[in-house]
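Single-structure report; data block below.
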Amino acid sequence: MQGCPVTKICPFPILSAGLAATWLALTGISPLQLIAALALGLAIPRFAAPLLAALPKVRAVGAAVRLTAVVAWDVLLANVAVARLVLGPSSRLRPGFVRVPLAVTHPHAIALFASIVSIVPGSVSMAFSPDTRTLLLHILHVEDEQGFIDRIKERYERPLMEILEKC
Amino acid sequence: MTLLIIILLPFFAGAAGTLMAQRRGFSAAAWAAAVPTAASLALLAGEVPEILTGEHIIVSWPWLPSVGLNLSLRLDGLSLLFGLLILGIGLLVILYTRYYLSPEDRIGRLYALLMLFTTAMLGIVFSENALLLLMFWELTSLSSFLLIGFWTHSPLARQGARMAFAVTGGGGLALLGGLLLIGNIAGSFELSAWFAARDAIRNHPQFNIALALILLGAFTKSAQFPFHFWLPAAMAAPTPVSAFLHSATMVKAGVFLLARLYPLLGGNLVFEYVTTTVGLTTMVFGAYVAMFRHDLKGLLAYSTISHLGLIMFLLGLDTPMSSLAAVFHVGNHATFKASLFMAAGIIDHECGTRDMRRLGGLWRQMPQTAALAIVAASAMAGVPLFNGFLSKEMFFAEALDLHGIPLLESIAPAAVTLGSMFSVAYSVRFIHDVFFDQPHDLPHQPHKPPRYMKIPAEVLAVVCIAVGVLPSYTVAPLVDVAARAVVGDSLPFYRIALWHGFSLPMVMSIVALAGGSGIYWLLRNRYDVHLHVPARYTGRLLFQHAYDGSVALAGRCMNRLQNGSLQRYLALSIAAFIGLGAWPFIQHGFQTGRLAPMPVGPLGLVVWGIAMIGALGMVWSHRTRVVAVILAGVVGLVASITFAYFSAPDLSLTQLAVEVVTTVVLLMALARLPQATPRESTTHRIVRDAALAVIAGAGVALLSWAVLTREQDSIAWYFLENSVPGGGGHNVVNVLLVDFRGFDTFGEIIVLGMAAIGVWLVLAGMRVEWPAILPKPEANGIMFAAAARLLLPFALLVAVSMFLRGHDLPGGGFLAGLIVSLALLMQYMGEGLHPILTRVRIDFLVLIGAGVLLAGLTGLAGMMAGRPFLTSANGDLHIPFLGDLPLASAVAFDLGVFMAVLGTALLTLTALGQARRKSPEAEEGRPWN
Amino acid sequence: MLTVSIYIAYLAIALAVACCMTRLVRGPHPADRILAFDTLYINTIALLIVLDIHLSTSLFFDAALLIALTGFIATVALARYVARGHVME
Amino acid sequence: MNHLLAVPIILPAVMAALLLILHRAPIAAARVVSVGATGCLLGVAFAIFAQAGPSAPLVYALGNWPAPFGIVLVADRLSALMLTLTALLGLVVALYAAQGWDAKGRFFHPLFLFQLMGLNGAFLTGDLFNLFVFFEVLLIASYCLTLQGLGRERLRATLHYAALNIAASSVFLIAVSLLYGVTGTLNMAHLAERIARVPAEDIALVRAAGLLLLGVFGVKAALFPLHFWLPAAYSSAPAPVAALFSIMTKIGIYAIIRLKTLVYGIDAGAVMDLTTPWLLPCALVTLSFATIGAFGADRLAIMAAYLTMASTGTILSTVALGGAAALSAALYYLAHSTVVIAVLFLSADLIGRSRGDMGDALHPGPQIRHAGWLGLAFLFGGATVAGLPPLSGFLGKVLVLQSTQEGSAAAPMWTVVLVTSVLTLIACTRAGSIVLWNVTEPLPGRPAHPLRRGELIAFTILVACSLMLVVFAAPLLRYFDETAADLISPTPYIDAVLGSSRDGVIKPYAGVSGD
Amino acid sequence: MLDIAVSLLLLIGSAFLLVGSFGLVRLPDFFMRLHGPTKATTLGVGGMLLAEIVHLFDGGFSLRELLIAGFLFVTAPVSAFLLGQAGLRRRLASRAPLPKEFSG
Amino acid sequence: MELMVSLGLGAVTACAVYLLLRARTFPMVLGLSLLSSAANVFIFSMGRLRSGIPPIVNSETTGYADPLPQALVLTAIVIGFGMTGFIMALAVRARYQTGSDHVDGMEPAANRTPADES
Ligand code: NA
Ligand code: NA
């Protein structure tokens, strides 16, 4: 990989692509803007490189797309569920803190996992243990603690490891 | 021209010369002072024959005609007499000084100041222009101040100097007022013009005010009661100074002034009454006090006061002969008093004390000095054959001849006789106590004074006798022309002579001599004057109390008013602004306009509600500071929504970004401050502040309401029309910022940059350049750090987009700068300040400087093209296949703005972030729990 | 149809803002108020979007984008301040 | 196109920016740049002074946008005078500070140059909002300069100074925008025209804006009761900065003169004479208050600070009385007091430094080094400020008294001026006799701060200026008379700024672009 | 047709936005209230953004509204996380027993 | 709508003035910051209120809000930000140096005897 011209010019290809797409989304598509998008997509990561060094590399794009879809679907369902909880009598709610043992190790992967859990209504990431091996969640309504842990690890953590940590 | 030389020679030649010569010894300095003085005297003497014929000389050079200040000089009899006195006695004083000073004294300085004084005094007597006269007048006060304070180590000298300056300088300012008033009435400051317009001036309603101010000036200068007290205090000066300034010359300036202005003032009832009353009072009072002074110089000082009163009395009287007597006595007093001062100085010099209770029997040790002193004291007492007798005789005659001055008419004869008796008594005391009585523990055995030290006194004594015996052959012509300069040609036939036959004045003289001797005998033997303790409430002590008291009072007043309380300052300022803003509406009433208002939507209500809650909440909860910060954020958000809703997207965006940065700045500051505000305002203060706040708020609301309901006329159409063709941009606000009003923006980025430098400067001493132990990355930090890292490139992209489109759409350099700052702020917060600073090595100061420079250079580019600063250029750059790329030079300007904003925000945040927090945990408290 | 739902949306946003303000005023802890503040930001984004739809413009898009991108910095700074007593190391 | 007008603003700004970029360079470089730039500024100021006199006001349209739309710089006689004073003081301060003061803080020179830029800009701009911007420039620079070297007193004083002035800046904005809201313009010449024709129902609003502006400028000029920030700020500022500040109060006075004679200067019935019931009493109270302050001061610098305020009182009370003669007198007094107050601050510094720990406190202390020269310096300053002849203070006082002789205000005016003069005289003699004469111990063996040649040169320049105010009083007074005449009849100024045809400049704002 | 879709999405968005904010008032403790904004963010703002995308449909979709959603999805969990930290550190009242080891 | 803006502006101003008059630096600075926000909205309102017509020139729209006050506000916002940051830092330093965050640099107990200053 070292010395490969592509990585040298474009050390963060996915990021560059995302930036270029964002640029086009912001400005509209025209020849001039295409060039600008390309230039900025390449220039900004290089410019910001000292601060980006620790960004993880995406290994499996397909898995990423799948994960996105899964999360979107879960968000939809959970929203409805949680809306009912919120609107219902609050005395019925059984909130709780839940500790989730983490298998992912890369800090960004951990952060991403914690974010996904937060995005899905009903659970919010609260803290990590000092060794970042455990994630503390607050659950609005705890019914089956272990089942919940297993479900999120299965649905979010495993694909994440596949995407970010398969090296 | 001669006159000008006469005046300026002593100072310009003398002062410089003495200062240079003082290294070469006392004699050299004395010669350096004496030669110019003598030259002046010689020049003046050359003018004598012409003046004695009754001529007068007036020369004039314009200086500041618009002010009325001209360099106009007059030489007539009066000024000739005074001029000769000043220069003649001055010369003698120079000689005397040479031997008087101790080796450690800086003689050059004394001579230089004496020369300055001589010039100033000559200036007074030769001035034809009233303002010019006043300039010299104040110069004499100043030089007197410096001369009295010559021995700076002596507290009495410092005090005496200050007192003299306060009284005479203050009187000078009163005089200034008086002269200005008359000058305004007359339309000129030339004395001849005043005399010519005499009646018009005297009939003017402001004349009496002017007269009062002028008299105030004259009385203070001539130490008239109740302003006399500075003169005894001035005796702390070296004796030559006392002899010169405080007996012979400067104190005569007040008298001179009234004599000079006599053609204008003379005969005015107010003038006559006030002057004679004050003069007579001063004469009796001074003589009375003089008897009880133990200090030789003190005695002489009060004697001087008394004689000045005598002269003042004579001047006030509305008869020609009285004025002649006054002028005559000026000369006589100058000679005998200067001589006496010199004698007193010799005695002090040789015996080490001036206290008459200790002195005695000096007749044997210093017979010549004793003889001199007896001559001078006899003149002072009005003994026949000495000059004082002649003028005193005239004085008695005038006192008997008061007609039409009600009360004074009957009192005056008795009063003058009494005063003269006192005068005789203190003269006798001077001679007897010093030369014939027994000494009591003298500090050291008196020895003979140096030969040359006695010469000046001897010369003066000779003059006393010569004038006394042969008046007609000595001074009579001079006195005559001098008197004519005062009273004009109305002088009747008269003769100055020793013997006028046996007359009532003669009787008064005899009564005075006999009575005076009797009084002294009584004082000596029955009352034992040596045990007398001076009164506690002298004018001098009163003045000193008043002086110290008012300095302390002023200090206290300022401590109360200017008490260092910002709250008070702000409250008063706000009240002042409220008053200013409200005043026109109190005058003209408040009117709203006629514009139909926009309907209120539900949205408006909601936003309005947020604003109200946010603002009031800030007040309500401001003690818990972090909550106040949250609410400040809410208010900012409302402002931003308001801007957005009312068609100001640029404002809305900028406000949003600024609000976020501000919140962070406030929090970073708060981390270094107490977390809660104590409850310490009194109810009174809360009510006061609330009242001010409500009124101010109501005022602002009314102002905006008044304008919002009015039709609008404006120049704004121009910007809409010219934005695209002239400015090359569709976003008019941006074109305004970088083009139409780019100069504002140029100033503004400088303000911003300096504010950041200010933050950096203020926090300089608190900086932790590099923490000893870098904080370990915390597990919980990874959430934010990861998000910050991910958002960074996108934020930069958005910033680029906002920057580039700014000329045509909302955005621009400010906003882009703020967004990039926020993106970096995220990194700071995510990973810690120091790790990021090591990786992003930008010198923010350079960034700010470069931004300002770039903006400035863009402006200068227009100048290169011959256009004014900041003239923009724009056009479309055609790129094949791609289209037109609109370019405006304003983009470069905006880039400068971007850099300056970025540098500012980052410098501020970095400086705050690096500032030491004093034991954060200890201060944290938990007020909100 | 669309107009009605836009007004319903306005109403919903107004109510949501009212909820936020209630929490903002009631607290009790600063953390609660920050939470309310954060939610207010989100409601503002929603408001700006609805305004865009209502007025058929994209005037308010930029403001919404900017809030989404940077608004959380204020929240985070406040939250961290309440948690640790400072904003950055 | 006469670029000369832009130079006093651009030159210091660009030089300051350069110095910021090169902030790691040795301070000697900064000194050279600073002194060089101020020297150039003086030359340029003289050139403008020479040109502004004979012809109509010089006008420079920034960005080539015509007035009233764009921002214009205008130099009439008054501006030229202020520019010259600023440049003169700038040179002196640069020289003085370069002897070591500048090394006590950081960024002295860039801040100093920005300060000059702000001053020059404020004196030149013809646009009211732009005036606000330059006020901010000079204020923030002055905060930073006051802080140089830090210390408890300075921090406190600067906090108060900044708080009051930042609050006042908000009022400034409100007043300026209120004027825009009612008249639709920001250019001062154009405002003058618009205000003259303001409809009756808008008079109160226009006057309110004017009076608020008066207050804002009053804060800058230290007019009672808006003066509170001044004594502490000026007396705790580093000496060269305090000397520079002697022009800072003058900026407020300048703005008040512009407000009174230009913006509200055209005869417009009720709107005219904006300042009448307020300015004179406030100015007289200022003068009295300040004199009492100087009288009771316990430090030389505090005395100098109060005397700064007193000069404001004198000048503004004269301005308040109006009339060409009064304006001319006020201008002379302005020039005089600017110079002499700088002299006082510098001599307070020199004396304070040579008295060791006692500093400039008005308590008996050690013998001072160079007592002769320093004594002469203080004597000169004190005598001038107290109005002793034949110095400029005397002439100033005479002019002020002469020009205010008529009318009902003469009596209070004269009383206050004369009485305060006496008190000032006493205060100065008291201070001088304590500091220079009342010596408790002999000369300390080793001088902590020797006098430096540059300081003496700077000082001498100031003294020479003060003397020249007397020696060349006649031509200067002619200039001031002409300036006053210009100010009394502002029409040529307005014509020069707006050009001859100005129909349709203002339109009812329909919110549409013209076509 | 498009209008109906826009209306529907708007209504869905409004509903969840309101529910989220309502939770802020209704729920009894801080940690439970913390769940509100995520709803407001995801389906609330998400629905409205979709509504606008559909509304602006003119043969192609404008995708820039997705940027807002993207930024919100990245930032909202971070806000919630840090607020949770604040709650834990300050040991705010909670219906669920607070874990000891995470509040340091 | 205009009336509401005016009232809101008045309320914000009043709160700002009240905070400005507090004895501690932090609320005082908040007051200054709030006051400058109020001033900004005031300037803005002087161009009158117009909804939905931003001053961005294009061929379709004919109406535009007054751009001039907007430009002024933008300048004022930025200057206000700089000033707030500066005086906040000043307050921090004053506290660090004096140990008190009272606006007069010392706790009120010491403040009651003004004599000890001199
Ligand atoms: Na005796
Ligand atoms: Na813009």
Side-chain angles (χ1 to χ4, degrees), chain C residues 1-6 8-20 22-24 26 28-32 34-36 38-43 45-50 52-53 56 58 61 64-85, chain E residues 2-4 6-11 13-26 29-30 33-34 36-38 40-41 44-45 47-49 51-52 54-56 62 64-65 67-76 78-90 92-93:
Chain C
M1 170 73 188
L2 184 57
T3 322
V4 174
S5 42
I6 283 172
I8 292 174
Y10 277 145
L11 189 68
I13 292 169
L15 287 174
V17 166
C19 292
C20 291
T22 311
R23 185 47 68 198
L24 195 70
R26 285 205 358 220
H29 192 273
D32 284 299
I34 299 168
L35 183 59
D38 190 44
T39 316
L40 199 60
Y41 263 139
I42 290 164
N43 287 330
I45 294 177
L47 172 66
L48 294 171
I49 295 166
V50 177
D52 261 355
I53 296 176
S56 288
S58 52
F61 170 79
L65 183 75
L66 199 63
I67 296 179
L69 183 59
T70 63
F72 89 115
I73 297 176
T75 311
V76 166
L78 283 162
R80 183 183 277 193
Y81 186 80
V82 169
R84 302 195 203 166
Chain E
L2 274 180
D3 272 9
I4 293 172
V6 172
S7 302
L8 213 61
L9 285 166
L10 258 183
L11 291 178
S14 309
F16 283 99
L17 194 77
L18 185 55
V19 169
S21 299
F22 184 64
L24 215 55
V25 180
R26 180 122 201 282
D29 76 44
F30 172 76
R33 295 197 273 270
L34 204 46
T38 45
T41 305
V45 177
M48 290 181 171
L49 285 169
E52 183 165 17
V54 177
H55 184 64
L56 293 178
S62 151
R64 55 180 206 166
E65 274 68 22
L67 282 176
I68 295 182
F71 288 148
L72 274 181
F73 283 16
V74 173
T75 59
V78 180
S79 303
F81 186 86
L82 277 139
L83 279 167
Q85 291 268 298
L88 284 174
R89 288 221 181 194
R90 296 289 164 213
L92 298 191

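To find a chain, count down the sequence lines: A is the first, B the second, and so on, and within it residues start at 1.
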Select one option (side chain, backbone, both, neither) describing which atoms of [X] are under 4.5 Å from chain C's heavy atoms.
{"X": "Leu34(E)", "result": "both"}
{"X": "Ala51(E)", "result": "both"}
{"X": "Leu11(E)", "result": "side chain"}

Spacing of [atom1] belonging to [X] relative to [atom2] belonging to [Y], to within rounding of 0.5 Å:
{"X": "Phe22(E)", "Y": "Arg23(C)", "atom1": "CZ", "atom2": "CZ", "result": "11.5 Å"}
{"X": "Asp3(E)", "Y": "Leu2(C)", "atom1": "CG", "atom2": "CG", "result": "4.5 Å"}
{"X": "Ile68(E)", "Y": "Phe61(C)", "atom1": "CD1", "atom2": "CZ", "result": "4.5 Å"}
{"X": "Ile49(C)", "Y": "Glu65(E)", "atom1": "CD1", "atom2": "CD", "result": "7.5 Å"}
{"X": "Leu72(E)", "Y": "Ile42(C)", "atom1": "CG", "atom2": "CD1", "result": "6.5 Å"}
{"X": "Asp38(C)", "Y": "Thr75(E)", "atom1": "CG", "atom2": "OG1", "result": "8.0 Å"}

Compare all side-chain heavy atoms of [X] with those of [Y] and state whether any distance is below 4.5 angstrom.
{"X": "His29(C)", "Y": "Phe30(E)", "value": "no"}
{"X": "Leu15(C)", "Y": "Ser21(E)", "value": "no"}
{"X": "Leu24(E)", "Y": "Cys20(C)", "value": "yes"}
{"X": "His55(E)", "Y": "Ser56(C)", "value": "yes"}
{"X": "Thr70(C)", "Y": "Phe71(E)", "value": "no"}
{"X": "Ile13(C)", "Y": "Met48(E)", "value": "yes"}
{"X": "Pro37(E)", "Y": "Leu35(C)", "value": "yes"}
{"X": "Arg64(E)", "Y": "Ser58(C)", "value": "yes"}

Looking at [options], which makes the most heavy-atom pairs under 4.5 Å with chain E?
{"options": "Ile34(C), Asn43(C), Val50(C)", "result": "Asn43(C)"}
{"options": "Ala64(C), Ala68(C), Ala46(C)", "result": "Ala68(C)"}
{"options": "Leu40(C), Thr39(C), Ile53(C)", "result": "Ile53(C)"}

Donor-acceptor pair between Ser79(E) and Thr75(C) side chains, under 3.5 angstrom: no
Candidates Val74(E), Leu82(E), Val78(E) - the one meeting side-chain contact (heavy atoms from CB on, under 4.5 Å) with Phe72(C): Val78(E)
Part of Ile45(C) lying under 4.5 Å from any heavy atom of chain E: side chain
Interchain contact, Ile6(C) with chain E, by part (heavy-atom threshold 4.5 Å): both
Heavy-atom pair with the smallest gap, counting every atom of Leu18(E) and Ala12(C): CD1-O, 3.6 Å
Heavy-atom pair of closest approach, residues Ala83(C) and Arg89(E): O-CD, 3.4 Å
Closest-packed option against chain C by number of heavy-atom pairs under 4.5 Å, given Leu17(E), Leu56(E), Val45(E): Leu17(E)
Heavy-atom donor-acceptor pair, Arg33(E) side chain to Asp32(C) backbone, under 3.5 Å: no
